[in-house]
Amino acid sequence: MERKSPMISKQPSAPRIDQIFSAVSARIDRWREFSLCVQRLAAQRGGKAPGDLSSECVRLFAELRPLEEFHAFPGPRILAAIQERLSEGDAVGTARLAQRISASLMSRRYRHDPREWEVDEDPGDADRALPTSLGETGARPYFETLFVSGAPPARWPGQIQQVRRLRRPLDEFVYEPVMVGSFEDAVLAVILNADLEAVVIYDGFPFASTRDLPLVRNLLSAWLPEGEARAPQSHGLLLANAVKRIRPELDIYFLADQSPEAIAGNIAAASLRRVFYEVEEPLEIHLAILAGVAERFETPYFDNLKRYAQKPVGTFHALPIARGKSVFRSNWIRDMGEFYGPTLFLAESSATTGGLDSLLEPTGNIKRAQDAAARAFGADRVFFVTNGTSTSNKMVHQAILRPGDIVIVDRNCHKSHHYGMVLAGAQPYYVEAFPLTAYSMYGAVPIRAVKKALLDLKAAGRLDQVRMVTLTNCTFDGHIYDVRRVMEECLAIHPDLVFLWDEAWFGFARFSPFYRSRTAMGARAALREAFDDPAYLERYLAQEKKLGADLDPTDKRVLETRLIPDPRRAKLRVYQTNSTHKSMSSLRQGSMVLVADEDYSKCEQAFKEAVFTHASTSPNLQIIASLDVARRQMELEGYELVMGAILSSLEIRRAVNEHPLVSKYFRVLTPAEMIPAEYRGSGFEDFVKPGTTWMDALEAIRGDEFVLDSTRLTLLCGTAGFDGTQFKGLLASEYEIQLNKTSRNSVLLQTNINNTRSDVANLLKVLLEISQGIEKRLASGGESARKAFAARVKSLMEDVPDLPNFSRFHDKYRDDPKGDTLEGRMREAFYAAYDEEGCEFIPLASPEIDRRIASGPSLVSAHFVIPYPPGFPIMVPGQVIEKDTIDFMRKLDVKEIHGYDASRGLKLIRPEVLGESTPRAKSAAASSGQKPKAASARASRR
């Protein structure tokens, strides 16, 4: 893929989307391309070249050099040497330097080897090139610090040397300074340089760059509040806030030349870690930088677990496997010890002493690790969970919900939400996502559907029973909500709602400046800031004047208006669950509950009870440690890793959809195909469509009701004659490629921080090989093979069943059977299924099914019925089953359907339990003059 990055350009247009996310890999590619150019030139001319060295090499270096000024390595001295050798026509000398830089960037050897910073390979030059103890650092982590200074560039080398002289052998880390001289240059450095961990801002620098920076000016308009970019205030504080909006994990230090106490007391200085008086001892600044990184680097639980594993512990506790003696002394299971090594067993224990802490009620290292996670993810508090987000979701439901509470919930959410509501005794009010019938999947729930549910409940006088809104963000297939808008519009109708955002697949998004605003914690932070803004109250008062303070649910304007809440009344009660193991470096089942609830104190004890109910009293210590480490990694390098994951997804999209043969049989679906046009006000269609820029994508992220997570790739395989399950099996068995979800005619690929460019190349190679095989079979099989293939494709791509919607709960399970609202007492129906006498089985193909749909009595599901794919419940306990659901189920050709036994049929609650009569019972009752008897009094009581 072309990876040139016109971020510093005289062209007015914004760069392509992939060029924004390729800051690291594109940099390596540019150096490799330049290195190959000068190597070829050196080989052709045998060493010394004429004064006008190849114009191509000169052009490549001219494009490369400006961007290198935002990185510490290779540094101005080496760049000047390359320029000099280019001017002198020294192709061999230029090639030697370029090749070494390219290799060092690829291997990251420059982080620990001082010789990489030399112009020549003479070791005696090392001190002159890099007067530092870098060579003595061993395994000390390396990072870079951005210094923003108004000093003339001629003074920068001296400032760099001053910083380097502050290094000490005792330092836990080693860093290199990067100097810039303007607000705009600083913003660009923060975007491009993923090695940055801290920013030091000297007061008194200009706003505008001396370069032409269309990218930065577009970014500033996107991430700074309107009108703030040129506000007549300190550029230093403005820059600090801009950096925090882009990369909130970075530490920011402010050096004031006067009145530092006034700066520190400024509300706008909240983003600063510390304020210094500029003329004070520079060593304090150096130590503060190291301390800030050390705070993020610390993993309280993992660090202690490593120490614990080195202790000579005698254990008379449970868990014989701890310390590994039962394994390594065994005659039969020693191979387990050989496979895992001794450390795993030394780090196992069922004790909570020795600093190991208790997950159920942490007060020590687990508590400190959770507090660090809260800082990293922008929450007030975080709870670690070691048995998956299924448990995290049930904890939140149990903690917040009371029997009889109503929950507005996506019917297609993960089954843990449905079971959580059963356990809590809450009444689900199912709202429907928009269907993607062609691909046998659902999208996300439009805000209109959520608002209508709330307004209908208000009209019925039941709004006070609504406790929570639960939605999945992003969905399994990548649909991302406008989280802020959803919460604003809901709070405008019900200012005390609790929001549970299931972000199982989206935990990584916190570390992307493009996705962060669409996360639960990102939207909560934006709303908290907005509620404090007097202009927001003015907007609300204008709305109140138009629609009234108490919104009339029968007023059509309420449904049509983009509502905002009264900031004086609305409460931000936000919970987010994320499957840390799904998108970060956590062991399987590692999960977190993020809490940002203004009224948490009122439900704190209930939350503890929920933890006691669902958390294991014997949690896996390695999962806890991995959650701690995953947080550390994301705080220190999550920005770079997430950018790489997004880039990999864009490379796959481009490679598959633009390949002349592969695209004939396979295609990655675009946002235009995954999101109906009515929810894409920006008109955004495709990440890799020619002419599409990152500004187009940013406009969609900022304004569209739904956007698509590029890392969730729906690959059509029905056009190649494979159903999703079949294709998934083929890739796993023949090519060792593992996939995620499947549908009738597609599979879901997910790129994450683990993927490399080699993975992308291998995937494309496999798809090409399969495409070539199809071509060969069709060519050799003749007309009959081509007809059979076309029929198979038509069956998969055109003969798709309509997707069923939720119908309603049976009247027996509704508080107001005559009302128009859809909530129901699902718990009661769920436990009715425990009474076998009160249930019946009817085969799916039986004519009895059709007869009862047509003329009664009602078919009411006793179970959750969840086919895989698509993986959502098409029946829930207490639901009246209608024709569209039966038609869909009869057309399914999947092997895995949870809650359904094909040998017995659908499990239904008997009509007698529901208070309905069968035709036979009616006839018998008429002849005896008695009412039909319920099959089970116990089922009825439930």
Correct closest heavy-atom pair for Pro428 and Met421 would be CB-SD, 3.7 Å
Can you tell which of Val469, Leu457, Leu454 makes a side chain to side chain contact (heavy atoms under 4.5 Å, CB included) with Tyr429?
-> Leu457
If you round to the nearest 0.5 Å, how far is OG of Ser517 from CG of Asp482?
-> 8.0 Å
Distance-only, no hydrogens or angles: does the Arg485 side chain make a donor-acceptor pair with backbone N or O of Glu705 under 3.5 Å?
-> no
With ring centroids as reference points, do Trp501 and Tyr481 lie under 6.0 angstrom apart?
-> yes
Residue that, paired with Lys571, satisfies salt bridge (charged side-chain N to carboxylate O under 4.0 Å, His left out) out of Asp599, Asp597, Asp566 | Asp599
Report yes or no: do Thr519 and Gln576 form a side-chain donor-acceptor pair below 3.5 Å?
-> no
Is there side-chain contact between Val382 and Arg631, with at least one heavy-atom pair below 4.5 Å?
-> no
Measure across Ala449 and Val431 and return the closest heavy-atom pair with its distance rounded to 0.1 Å.
-> O-CG1, 3.8 Å
Taking all atoms of both residues into account, what is the closest heavy-atom pair of Ala523 and Val483, and its distance?
-> CB-CG1, 3.7 Å
To the nearest 0.5 angstrom, please state how far the CG atom of Leu500 sits from the OG1 atom of Thr577.
-> 5.5 Å
Are any of the side-chain heavy atoms of Val486 and Cys490 separated by less than 4.5 Å?
-> yes
Is there a donor-acceptor pair closer than 3.5 Å between any side-chain N or O of Gln427 and the backbone N or O of Ile406?
-> no
Has the side chain of Thr391 got a donor or acceptor atom that lies under 3.5 Å from a matching backbone atom of His614?
-> no
So, the side chain of Ser579 versus the backbone of His581: is there a donor-acceptor pair under 3.5 Å, distance only?
-> no
Show your working on side-chain hydrogen bond (donor to acceptor under 3.5 Å, both in side chains) between Gln543 and Thr561 and close with a plain yes or no.
-> CA-CA 9 Å; Gln543 173 186 287; Thr561 300; over 6 Å; no
If you round to the nearest 0.5 Å, how far is OG of Ser807 from CG of Leu822?
-> 9.5 Å
Looking at side-chain heavy atoms only, is the closest gap between Thr885 and Val865 below 4.5 Å?
-> no
Using the test side-chain contact (heavy atoms from CB on, under 4.5 Å), find all partners of Ala459 that sit at least two apart in sequence or belong to another chain.
-> Pro553
Kindly say whether Val466 contributes a backbone atom to a donor-acceptor pair with the side chain of His494 at under 3.5 angstrom?
-> yes
Asn740: side-chain contact (heavy atoms from CB on, under 4.5 Å) partners, not counting sequence neighbours | Phe476, Trp505, Arg712, Leu748, Gln750
Residues passing the side-chain contact (heavy atoms from CB on, under 4.5 Å) test with Asn620, sequence neighbours excluded, are Glu348, Gln622, Ile623
Just do the side-chain hydrogen bond (donor to acceptor under 3.5 Å, both in side chains) check on Ser358 and Thr352 with the steps written out, would you?
-> CA-CA 5 Å; Ser358 166; Thr352 57; 5.8 Å; no
Inter-residue atom distance Arg518.CZ - Asp704.CG, 0.5 Å rounding = 6.5 Å
Check whether the side chains of Asn473 and Glu503 place a donor and an acceptor atom closer than 3.5 Å, and report yes or no.
-> yes
Hey, does His417 have a side-chain heavy atom less than 4.5 Å from the side chain of Val407?
-> no
Determine, for Tyr442 and Arg411, whether the Lys NZ or Arg CZ falls below 6.0 Å from the six-membered ring centre while staying within 45 degrees of the axis.
-> yes
Quick one: are the ring centres of Phe864 and Phe872 less than 6.0 Å apart?
-> no
Between Ala433 and Asn412, which heavy-atom pair has the shortest distance, and what is it?
-> CB-ND2, 3.6 Å
Minimum heavy-atom separation for Gly378 to Met521, with atom names?
-> O-SD, 3.7 Å
When rounded to the nearest 0.5 angstrom, what is the spacing between CZ in Phe531 and CZ in Arg569?
-> 11.5 Å
Hey, are Glu488 and Arg484 close enough for a salt bridge, meaning a charged N less than 4.0 Å from a carboxylate O?
-> yes
Contacts of His863 meeting side-chain contact (heavy atoms from CB on, under 4.5 Å) (sequence neighbours excluded), chain-then-number -> Ala833, Lys907
All ring pair (Phe, Tyr, Trp, His ring centres under 6.0 Å) counterparts of Tyr900, not counting sequence neighbours | none
Are any of the side-chain nitrogens in Arg375 or Glu635 under 4.0 Å away from the carboxylate oxygens of its partner?
-> yes
Any luck finding a side-chain donor-acceptor pair between His414 and Asn393 under 3.5 Å?
-> no
Main-chain N/O of Ala376 paired with Arg510 side-chain donor or acceptor, under 3.5 Å = yes
Can you name the closest pair of heavy atoms from Tyr575 and Cys603 and give their distance?
-> OH-SG, 3.4 Å
Side-chain (Asp357) to main-chain (Ile366) donor-acceptor, under 3.5 angstrom = yes
Please tell me if the side chains of Tyr813 and Pro877 come closer than 4.5 Å, counting only heavy atoms from C-beta onward.
-> no
Can any side-chain N or O of Arg827 pair as donor or acceptor with the backbone N or O of Leu423 at less than 3.5 Å?
-> yes
Considering only heavy atoms from C-beta outward, does the side chain of Met584 approach that of Asn578 to under 4.5 Å?
-> yes
Any side-chain heavy-atom pair of Val445 and Val450 under 4.5 Å = yes
So how far is it from Arg588 CZ to Thr580 OG1, rounded to the nearest 0.5 Å?
-> 13.0 Å
Lys458 bridged to Asp550 by N-O distance under 4.0 Å = yes
Considering only NZ, NE, NH1 and NH2 on the basic side and carboxylate oxygens on the acidic side, decide whether Asp532 and Arg528 come within less than 4.0 Å.
-> no
So, do Ile874 and Gln879 sit near enough that their side-chain heavy atoms are less than 4.5 Å apart?
-> no
Hey, do the aromatic rings of Phe384 and Tyr301 have their centres closer than 6.0 Å?
-> no
Among all residues two or more places apart in sequence or in another chain, which pass the ring pair (Phe, Tyr, Trp, His ring centres under 6.0 Å) test with Tyr679?
-> Phe434, Phe706
Between Glu598 and Leu572, is there a donor-acceptor pair closer than 3.5 Å when you use the side chain of the first and the backbone of the second?
-> yes
Considering only NZ, NE, NH1 and NH2 on the basic side and carboxylate oxygens on the acidic side, decide whether Glu916 and Arg910 come within less than 4.0 Å.
-> no
How about Tyr430 and His418: are their ring centres within less than 6.0 Å of each other?
-> yes
Is the distance between the ring centroids of Phe511 and Tyr515 under 6.0 Å?
-> no
May I ask you to decide if Gly819's main-chain N or O and Arg814's side chain share a donor-acceptor pair within less than 3.5 Å?
-> yes
Trace of the side chain to side chain contact (heavy atoms under 4.5 Å, CB included) decision for Tyr439 with Asp477 = CA-CA 11 Å; Tyr439 315 116; Asp477 300 291; over 6 Å; no
